[in-house]
Colleague: 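Next up is a structure, given as structure tokens.
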Amino acid sequence: MNRWEQLTGGGSGEQYAARFAELAERGQDVHGEARLCATLVPPGSRVLDAGCGTGRVLVQLAELGYDGAGVDQDASMLAVARRTAPELTWVQADLSDFDPAAAGLAPGFDLVVAAGNVFPLLAPGTEAAVVGVLARALRPGGLLVAGFGLDREHLPVPPGLTLAQYDAYCAEAGLSPTDRFATWDADPYEGGGYAVSIHRR
């Protein structure tokens with residue numbers, strides 16, 4: 001069981017979607033992740049939304065002209081994604097042993113995005129395996145983009161993954177760092193409690 005399941009019981013899809021809908025209704029920007037991804041690869045690129053949840057990021061990218069698929073283990077989150085965008089591809093799988101080919105997905109994604117604290121909410125000890133899985137899903141030159149909290153202020157669980165550890169897992173998977181930001185708006189990272197990291201295969 002991953003930390004997300006321990007936290008939510010695996011049935012939080014509707015509540016999660018409602019929270020973001022309320023934020024959007026208040027005028028808050030809820031599409032920073034998709035906007036940053038759109039600056040990294042051109043429309044028409046293939047994107048894998050890893051830990052896609054209710055599909056918020058992938059749905060927005062699809063509206064901007066991107067092709068892609070979403071994968072998540074939480075059936076309640078995927079139910080919302082499938083209802084919101086039935087024309088897109090949604091796969092239920094554990095990221096630690098996710099096999100795109102077995103799910104009917106062609107290899108060679110241009111970009112893999114892991115937003116929403118995906119890595120800190122994995123089952124402890126699976127982080128390196130997940131980085132490896134996502135790295136193999138990329139085409140040569142493809143990008144892995146991951147944003148996650150590093151302290152209790154930015155996480156719903158106690159911190160368990162450092163940037164040094166994450167960078168080491170990326171290096172082991174054949175990924176090289178290209179950029180690191182403090183937000184999805186590409187603000188410079190200067191050591192705060194949240195980071196968006198970009199690595200290239």
Side-chain angles (χ1 to χ4, degrees), residues 1-5 10 13 33-34 36-38 40-123 125-148 161 166-178 196-201:
M1 181 178 291
N2 61 38
R3 299 176 91 187
W4 173 255
E5 290 173 307
E33 301 100 328
L36 177 61
C37 291
L40 300 173
V41 291
S45 298
R46 296 183 65 236
V47 176
L48 178 65
D49 188 352
C52 64
T54 59
R56 177 176 53 85
V57 176
L58 184 61
V59 169
Q60 180 67 12
L61 284 169
E63 291 180 3
L64 295 174
Y66 292 82
D67 181 28
V71 56
D72 202 287
Q73 190 171 353
D74 188 323
S76 74
M77 303 283 267
L78 286 175
V80 176
R82 288 173 175 140
R83 185 180 70 237
T84 303
E87 73 282 5
L88 298 180
T89 300
W90 307 104
V91 178
Q92 185 174 4
D94 185 329
L95 287 177
S96 65
D97 58 9
F98 172 57
D99 180 355
L105 301 176
F109 286 89
D110 299 296
L111 183 144
V112 173
V113 56
N117 285 320
V118 169
F119 278 99
L121 294 172
L122 295 171
T126 65
E127 297 90 350
V130 171
V131 172
V133 165
L134 300 184
R136 289 190 293 275
L138 288 167
R139 65 166 175 79
L143 299 172
L144 172 61
V145 185
F148 54 87
L161 179 66
Y166 178 72
D167 286 342
Y169 298 149
C170 287
E172 291 169 9
L175 302 173
S176 302
T178 64
V196 178
S197 305
I198 305 174
H199 289 75
R200 186 182 301 277
R201 178 177 175 190

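Sequence positions, counted from 1, serve as the residue numbers for this chain. Note that these values count all heavy atoms, side chains included, but never hydrogens, waters or copies made by symmetry. Keep in mind the model is a prediction, meaning the values are calculated, not measured.
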Colleague: Quick one: pull up CG in Asp49 and CG in Leu61 and give me the separation to the nearest 0.5 Å.
Modeller: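 Atom-to-atom, Asp49:CG and Leu61:CG are 7.5 Å apart.
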Colleague: Can you tell me if Thr126 uses its side chain to pair, donor with acceptor, with the backbone of Leu122 under 3.5 Å?
Modeller: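 Flag not set: sc Thr126 to bb Leu122 has no pair under 3.5 Å.
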Colleague: Determine the minimum heavy-atom distance between Leu58 and Val47, stating which atoms define it.
Modeller: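 That would be CD1-O, 4.3 Å.
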Colleague: Could you tell me which non-hydrogen atom of Leu64 sits nearest to which non-hydrogen atom of Ala38, and how far apart they are?
Modeller: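 Nearest pair, atom of Leu64 first, then Ala38: CD1-CB, 4.3 Å.
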Colleague: Drop me the distance from Leu143's CG to Phe109's CZ, to the nearest 0.5 angstrom.
Modeller: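 Reported to 0.5 Å precision, the distance equals 14.0 Å.
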Colleague: Does the Arg201 side chain pair with the main chain of Leu138, one donor and one acceptor, at a distance under 3.5 Å?
Modeller: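 Answer holds: yes.
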Colleague: If we ignore hydrogens and angles and just use 3.5 Å, is the side chain of Asp74 paired with the main-chain N or O of Met77 as donor and acceptor?
Modeller: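 Side chain of Asp74 to backbone of Met77, a donor-acceptor pair under 3.5 Å: yes, one is there.
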Colleague: Could you go through Arg56 and Glu33, starting from their C-alpha distance and side-chain angles, then the distance that decides it, and tell me whether this counts as side chain to side chain contact (heavy atoms under 4.5 Å, CB included)?
Modeller: CA-CA 9 Å; Arg56 177 176 53 85; Glu33 301 100 328; 2.9 Å; yes
Colleague: Give, for atom SG of Cys37 and atom CD1 of Ile198, the distance between the pair rounded to the nearest 0.5 Å.
Modeller: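 Cys37 atom SG to Ile198 atom CD1 measures 8.0 Å (nearest 0.5 Å).
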Colleague: Side-chain contact test, heavy atoms from C-beta onward, threshold under 4.5 Å: evaluate it for Glu127 versus Val131 and give yes or no.
Modeller: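 SC-SC contact between Glu127 and Val131 ruled out.
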Colleague: For residues Ala85 and Trp90, report the shortest heavy-atom separation together with the two atoms involved.
Modeller: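 Reported closest heavy-atom pair: O-NE1, 2.9 Å.
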Colleague: Would you sort out whether Val196 and Val145 count as a side chain to side chain contact (heavy atoms under 4.5 Å, CB included), showing the intermediate values?
Modeller: CA-CA 7 Å; Val196 178; Val145 185; 4.0 Å; yes
Colleague: Can you tell me how far apart CZ (Arg200) and CG (Leu111) are? Round to the nearest 0.5 Å.
Modeller: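 Going from the CZ atom of Arg200 to the CG atom of Leu111 covers 10.0 Å.
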Colleague: Nearest 0.5 Å, what's the SG-CD distance between Cys52 and Gln92?
Modeller: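 The distance works out to 10.0 Å.
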Colleague: Let's go through Val91 and Leu78 carefully: what are the C-alpha distance in whole Å and the side-chain angles of both, what is the deciding distance for side chain to side chain contact (heavy atoms under 4.5 Å, CB included) to 0.1 Å, and is it a yes or a no?
Modeller: CA-CA 8 Å; Val91 178; Leu78 286 175; over 6 Å; no
Colleague: State the OG1-CG distance between Thr178 and Leu40, to the nearest 0.5 angstrom.
Modeller: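 Taking OG1 in Thr178 and CG in Leu40, the distance rounds to 7.5 Å.
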Colleague: I'd like to check Tyr169 versus Leu161 (side-chain heavy atoms, cut-off strictly below 4.5 Å). Are they in contact?
Modeller: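 Yes, close enough: below the 4.5 Å cut-off.
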Colleague: Is Arg46 reaching over with its side chain to a backbone N or O of Pro107, donor-acceptor style, under 3.5 angstrom?
Modeller: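 Yes, the answer is positive, given that a donor and an acceptor are paired below the 3.5 Å cut-off.
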Colleague: Is a donor on one side and an acceptor on the other found under 3.5 Å between the side chain of Tyr166 and the backbone of Ser197?
Modeller: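 Checking the backbone N and O of Ser197 against the side chain of Tyr166, no donor-acceptor pair under 3.5 Å is found.
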Colleague: List the atom of Leu121, the atom of Gly116, and the distance in Å for their closest heavy-atom pair.
Modeller: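 Minimum heavy-atom contact is CD1-O, 4.2 Å.
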Colleague: For residues Gly55 and Ala81, report the shortest heavy-atom separation together with the two atoms involved.
Modeller: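 Answer, listing the atom of Gly55 first, then Ala81: N-CB, 4.0 Å.
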Colleague: How close do Ser96 and Val133 get, heavy atom to heavy atom, and via which atoms?
Modeller: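 Looking at all heavy atoms of both residues, the closest pair is O-CG2, 3.6 Å.
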Colleague: Tell me, with the steps shown, if Val71 and Leu48 meet side chain to side chain contact (heavy atoms under 4.5 Å, CB included).
Modeller: CA-CA 8 Å; Val71 56; Leu48 178 65; 4.1 Å; yes
